[in-house]
Amino acid sequence: MPELPEVELVTRFLRSLVCGQRIVRAELVRARLAPHSTPEEFAGALSGTQIKLVARRGKHILFSLDNDRTLVTHLRMSGRFMLLNSDDENPRFTHAVFHFQDGVRLVFQDQRHFGFMRIARTTEIADLPEVKKLAPEPLSDEFSVEYLRASLRASNRAIKEFLIDQSRVCGLGNIYAAEALFLAQVHPSKRTSTLSRQRTALLHQAIREIITEAIDAGSTLNADPSDSDSAYYGGEYERYWRVYAREGLPCVECGAAIKRLKQAGRSTFYCPKCQKR
DNA sequence: ACCCTCACCTGCACGC
DNA sequence: TGCGTGCAGGTGAGGG
């Protein structure tokens, strides 16, 4: 489910909810969630530590602890953090639990079992393979038009596939890649190396715009991950989509019917009139 | 080095 | 109602 904007919102909520909390006890319920450690090692490394910072890198959420370790997490498709009280039961598909003082606990729940956690030394986070490969943060100065242009020219794939490759542009997934291409009026099948300088600048702007817009929209909606009525999980975001999941519906710009095509096994949505090859 | 397909899971919408 | 099929927003491993 989550792409950069959603992960950013979850990170902000977690930061406000669990920063400074001490993990009295940690449980790895499903061992394969954290394949680099045994459940005992996982519990041992976290129990008794205090959460100092909650940060985001790409679609990863990082909890840095007061023992020079960082818990690296990824929600993948269906991962979700929930803050529960002692009278709440663990939901189905609970894979990890972090107990705080006063019976409050943070639960990691993941229906599709794709989520991922790993504990690493804080000083070594940047060298972890899954972090090291990430392109610059799209809202950072490092993600410049020049960076994007060089990266586009180094490849010749369909641009939509390029945009969801985290080592090229990080944070976009299937939805926001389609949305950014619509904003920049670029056809998803266009080859990356054929993008003009001017169109590259438009795409660069569109990527930042689409991410910023989604974060802003989310922060005004109820995107609290600990709330089961959260707009984020309730699908409120969908009303911001211009092309995604709108096959057959009229384009918001020109009225033409939105089309769908399959790229690398995934659906892409686009306006056949607005988006040129 | 790149590019593509598949696998990892469960649930849901759909058609028969 | 029940069952089979295909699909879902992410990513890595493994093949060519």
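Order of the sequence lines fixes the chain letters, A, B, ..., with proteins taken first and strands second; residue numbering starts at 1 for each chain. Every heavy atom of this structure was used, including side-chain atoms; hydrogens, water molecules and symmetry mates were not.
Here the side chain of A:Arg266 is nearest to one of C:dC7, B:dG11, C:dT11, namely C:dT11.
In this structure, the CE atom of A:Met117 is 16 Å from the P atom of C:dT11, given to the nearest Å. A:Leu128 has its CG atom 15 Å from the P atom of C:dT11, to the nearest Å. A:Leu9 places its CG atom 15 Å from the C1' atom of C:dG9, with the value rounded to the nearest Å. Rounded to an integer number of Å, the gap from CH2 of A:Trp241 to C1' of C:dA8 is 10 Å. One atom, CZ of A:Arg80, and another, C1' of B:dG11, lie 15 Å apart when rounded to the nearest Å. When rounded to the nearest whole Å, the span between CG of A:Asn174 and P of C:dA8 equals 8 Å. Distance A:Met77 CE to C:dC7 P: 13 Å, rounded to the nearest Å.
At the heavy-atom level, A:Tyr176 lies nowhere under 4.0 Å from the strands shown. Contacts of A:Arg30 with the nucleic acid, taken as non-hydrogen atoms under 4.0 Å apart, are absent.
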Report the C-alpha separation of A:Arg242 and A:Glu253 in whole Å, then their side-chain angles, then the decisive distance to 0.1 Å, and conclude whether the salt bridge (Lys or Arg N to Asp or Glu O under 4.0 Å) test is met.
CA-CA 9 Å; A:Arg242 294 165 174 88; A:Glu253 290 296 329; 5.9 Å; no
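A:Thr123 is not listed as a side-chain neighbour of A:Asp68, based on a closest heavy-atom distance of 4.5 Å or more. A:Asp102 places none of its side-chain heavy atoms less than 4.5 Å from the side chain of A:Phe100. Side-chain atoms of A:Phe116 and A:His60, non-hydrogen and from C-beta on, never get closer than 4.5 Å to each other.
Heavy-atom neighbours of A:Arg191 CZ from other residues, nucleotides or ligands within 6.0 Å: above the threshold of 12.
A:Phe108 has its ring centre no less than 6.0 Å from the ring centre of A:Phe93.
Not one side-chain nitrogen or oxygen of A:Lys133 sits closer than 4.0 Å to the OP1 or OP2 atom of C:dT11. An OP1 or OP2 oxygen of C:dT11 is reached within less than 4.0 angstrom by a side-chain nitrogen or oxygen of A:His74. Applying the 4.0 Å criterion to OP1 and OP2 of C:dG6, one finds that A:Lys262 has every side-chain N and O outside that range.
Nearest-nucleotide positions on DNA chain C place A:Gln111 closer to the 5' end than the other of A:Gln166 and A:Gln111.
Applying the side-chain hydrogen bond (donor to acceptor under 3.5 Å, both in side chains) rule to pairs touching residues 169-179 of chain A yields A:Glu6-A:Tyr176, A:Lys160-A:Asn174, sequence neighbours excluded. For residues 194-203 of chain A, the set of pairs meeting the side-chain hydrogen bond (donor to acceptor under 3.5 Å, both in side chains) definition, not counting sequence neighbours, comprises A:Lys190-A:Thr194.
With a 3.5 Å limit on both pairing distances and Watson-Crick or G-U wobble geometry required, the stems of 3 or more pairs in DNA chain C span B:2-8 with C:10-16, B:10-16 with C:2-8.
Looking at residues two or more places apart in sequence or on another chain, you find no side chain to side chain donor-acceptor pair (under 3.5 Å) involving A:Gln205.
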Give the B/S/- string for nucleotides 3-8 of chain B, one per nucleotide from 5' to 3', where a protein heavy atom under 4.0 Å of the base yields B, of only the sugar-phosphate yields S, and otherwise -.
SS---B
Could you give the side-chain donor-acceptor pairs of residues 162-170 of chain A under 3.5 Å, partners two or more places apart or in another chain?
unit_1, atom_1, unit_2, atom_2, d
A:Asp165, OD1, A:Ser167, N, 2.9
A:Asp165, OD1, A:Ser167, OG, 2.7
A:Asp165, OD2, A:Arg157, NH1, 2.9
A:Gln166, OE1, A:Gly171, N, 2.9
A:Gln166, NE2, A:Ile164, O, 3.2
A:Gln166, NE2, A:Leu172, O, 2.9

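Distance noted for atom P between B:dC9 and C:dA13: 15 Å (whole Å).
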